[in-house]
Amino acid sequence: MIALQTNTFEFWAKYFPQLLAGLGVSLQLTALALLFGLPLGLLLALGTEAKLRAVRWLSVAVVEVGRGAPALVVLYVVYFGLPLLSWSPEAFICAVIGLTYTTAAYTSEYLRGGLKAVNPGSVEAAHALAMTSGDVLRFVVIPQGLRVAVPALMGFAIQIFQATSLAYSITVSELTANASGIASSSFRALEIFALAGLMYAAITVPTSWLTNKVEERLTLRQ
Amino acid sequence: MADTVPPGRYSGKRDIRTDAVNYAIELGAIEKTFAGHQVLKKVSLRVKQGEVCSIIGPSGAGKSTLLRCVNLLEQPDGGNMVVAGQYLAAGRSHPRRELLQLRRNVGMVFQSFNLFPHLTVLENIVLPQRRVLKLSAEEARERGAELLKRVGLAEKADAYPAKISGGQQQRVAIARALALEPKVMLFDEPTSALDPELAQEVLAVMKEVAASGMTMLVVTHEMGFARTIGDHLVVMEDGAIIEQGVPEEVMTNPSEERTRKFLSAVNR
Ligand SMILES: Nc1ncnc2c1ncn2[C@@H]1O[C@H](COP(=O)(O)OP(=O)(O)OP(=O)(O)O)[C@@H](O)[C@H]1O
Ligand SMILES: [Mg+2]
């Protein structure tokens with residue numbers, strides 16, 4: 001039976017462009033989720049430490065719901081929920097919104113940890129140097145906190161990249177969705193998913209390696 | 001000496017002084033309580049323009065708290081003060097403008113140096129100049145380089161704080177504070193975290209700053225510094241000033257038994 005088919009490499013070569021297009025979509029989802037999710041995560045991190053109790057509670061609630069709900073459930077809620085608010089964006093936009101929320105909720109925890117690790121003496125010195133509270137936050141607290149959080153954030157970036165495959169379930173044509181489509185039309189699921197897996201790995205493995213390098217660099221400087 | 005600073009001398013605009021007496025710091029009956037424990041008990045103190053005033057005393061006496069009240073890192077609960085011509089009364093929250101004005105005039109050097117660890121030595125000195133004095137990057141770097149030369153660290157400009165010695169970090173911290181051209185400098189045990197050798201480099205820089213005419217309030221255990229560089233010596237214990245005067249006299253002939261005990265414990 002195998003003999004009737006083209007060999008694996010020919011099969012891969014034929015469908016590679018289609019998977020590559022899917023990978024492009026996965027990377028776009030990742031980039032947009034991080035682009036919007038990280039600043040929101042920072043706001044939430046600051047919000048959970050805010051002086052106003054209402055702000056603190058609201059931030060904690062937003063974070064806990066985002067971390068408590070599986071990313072897939074968040075995607076479904078966005079996808080099926082937004083039309084009820086009489087806004088029906090395309091699936092890709094829904095995926096960006098859902099993944100952004102998940103990103104914001106998770107990264108806020110890493111960022112909060114980073115902010116907590118900021119050397120309090122340097123913050124006090126900044127105040128003593130007549131810097132405004134806004135400047136102290138911007139030039140002393142956030143840069144130090146970010147540095148501490150960078151390895152964890154890079155690790156999370158890898159996870160959210162993998163989680164973009166969930167967008168398949170709300171009909172976004174990303175890498176897993178395309179692989180699945182090819183699998184059902186060609187009946188060669190194992191081979192096509194193996195290729196898809198290799199393509200995911202081509203992104204995640206170097207990124208993990210880079211994360212380790214960055215972590216080493218940052219530890220050296222301390 | 002438990003009186004508040006008389007407010008009569010500050011007519012019109014409240015924070016502009018009108019009399020001729022040149023005190024850089026006047027503390028009037030400053031009080032501070034932490035969780036029911038009174039750490040400062042109506043402390044009054046005057047430091048003349050250009051004077052170096054050293055504060056000594058046992059651990060827990062309230063020396064750091066007093067210093068931190070001067071630049072309002074700690075809010076006093078009672079009393080008032082005039083610092084670099086600015087009148088401030090306790091018991092009310094200070095508007096931001098007032099707080100920033102005070103801190104621009106008052107530099108502070110901490111026991112633990114407190115440099116910005118994510119910035120190079122030069123950047124540490126550039127940042128407050130850029131943000132507080134609103135200088136251009138070029139000008140701030142130029143002045144920063146000059147200050148580094150002044151504290152003998154021109155070649156360390158691009159090093160990160162973690163890569164230089166404690167003595168060098170403290171000298172950078174002094175340069176950083178001087179960059180804002182303060183009228184008063186506070187030092188909270190600037191050499192306590194340092195080996196004697198490194199402490200000497202820092203003391204040499206402080207001596208130079210004192211010689212330049214800076215008003216300095218220095219909490220220290222360095223009796224040599226207090227004796228030779230200091231103009232005035234204050235002994236604190238249990239939240240109060242128990243004795244003060246010319247350093248040489250207080251050290252050789254203290255009038256208080258508690259001062260005698262403290263001095264013999266330090267000199268041992
Ligand atoms: N933020 C704070 N909260 C509660 N108590 C404090 C605080 N800061 C200082 N204290 C207490 O106030 C007292 C005086 O502290 P302070 O640091 O001013 O003493 P000090 O004379 O500087 O001592 P040392 O020589 O150990 O530095 C101590 O009993 C200390 O525990
Ligand atoms: Mg102290």
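Since the structure is predicted, the reported quantities are computational estimates derived from the model, not experimental observations.
Smallest separation of non-hydrogen atoms from Ala128(A) and Phe110(B): CB-CZ, 4.1 Å. The two residues Ala125(A) and Asn114(B) have their closest heavy-atom pair at CB-O, 3.5 Å. Summarising the geometry of Arg138(A) relative to Arg131(B), their closest heavy-atom pair is NH1-NH2, 3.8 Å, with the distance given to 0.1 Å.
Contact check for Glu124(A) versus Met108(B): no side-chain heavy atoms found under the 4.5 Å cut-off. Residues Arg96(B) and Thr132(A) form a side-chain contact, since some pair of their non-hydrogen atoms from C-beta on lies under 4.5 Å apart. Between Phe116(B) and Val123(A) there is no side-chain heavy-atom pair separated by less than 4.5 Å.
Interatomic distance, CG of Asp135(A) versus CG of Leu100(B), reported as 9.5 Å (0.5 Å rounding). In this structure, Met131(A) CE and Leu127(B) CG are separated by 4.0 Å, a value rounded to the nearest 0.5 Å. Atoms OG and CG, from Ser122(A) and Asn124(B) in turn, are 9.0 Å apart once rounded to the nearest 0.5 Å. Atom CD in Gln144(A) sits 8.0 Å away from atom CG in Leu119(B) (nearest 0.5 Å).
The environment of Arg150(B) atom CZ is dense: over 12 non-hydrogen atoms of other residues, nucleotides or ligands sit within 6.0 angstrom. Within 6.0 Å of the CZ atom in Arg104(B), the count of heavy atoms belonging to other residues, nucleotides or ligands does not exceed 12. Atom CD of Glu155(B) sits in a crowded spot, with more than 12 heavy atoms from other residues, nucleotides or ligands closer than 6.0 Å.
Along residues 171-192 of chain B, the residues that come nearer than 4.5 angstrom to chain A, judged on non-hydrogen atoms, are Arg176(B), Ala177(B), Leu180(B) in order of number.
For Val109(B), no part lies near chain A; criterion is any non-hydrogen pair under 4.5 Å.
Judged by distance alone, the side chain of His118(B) and the main-chain N or O of Phe139(A) form a donor-acceptor pair under 3.5 Å.
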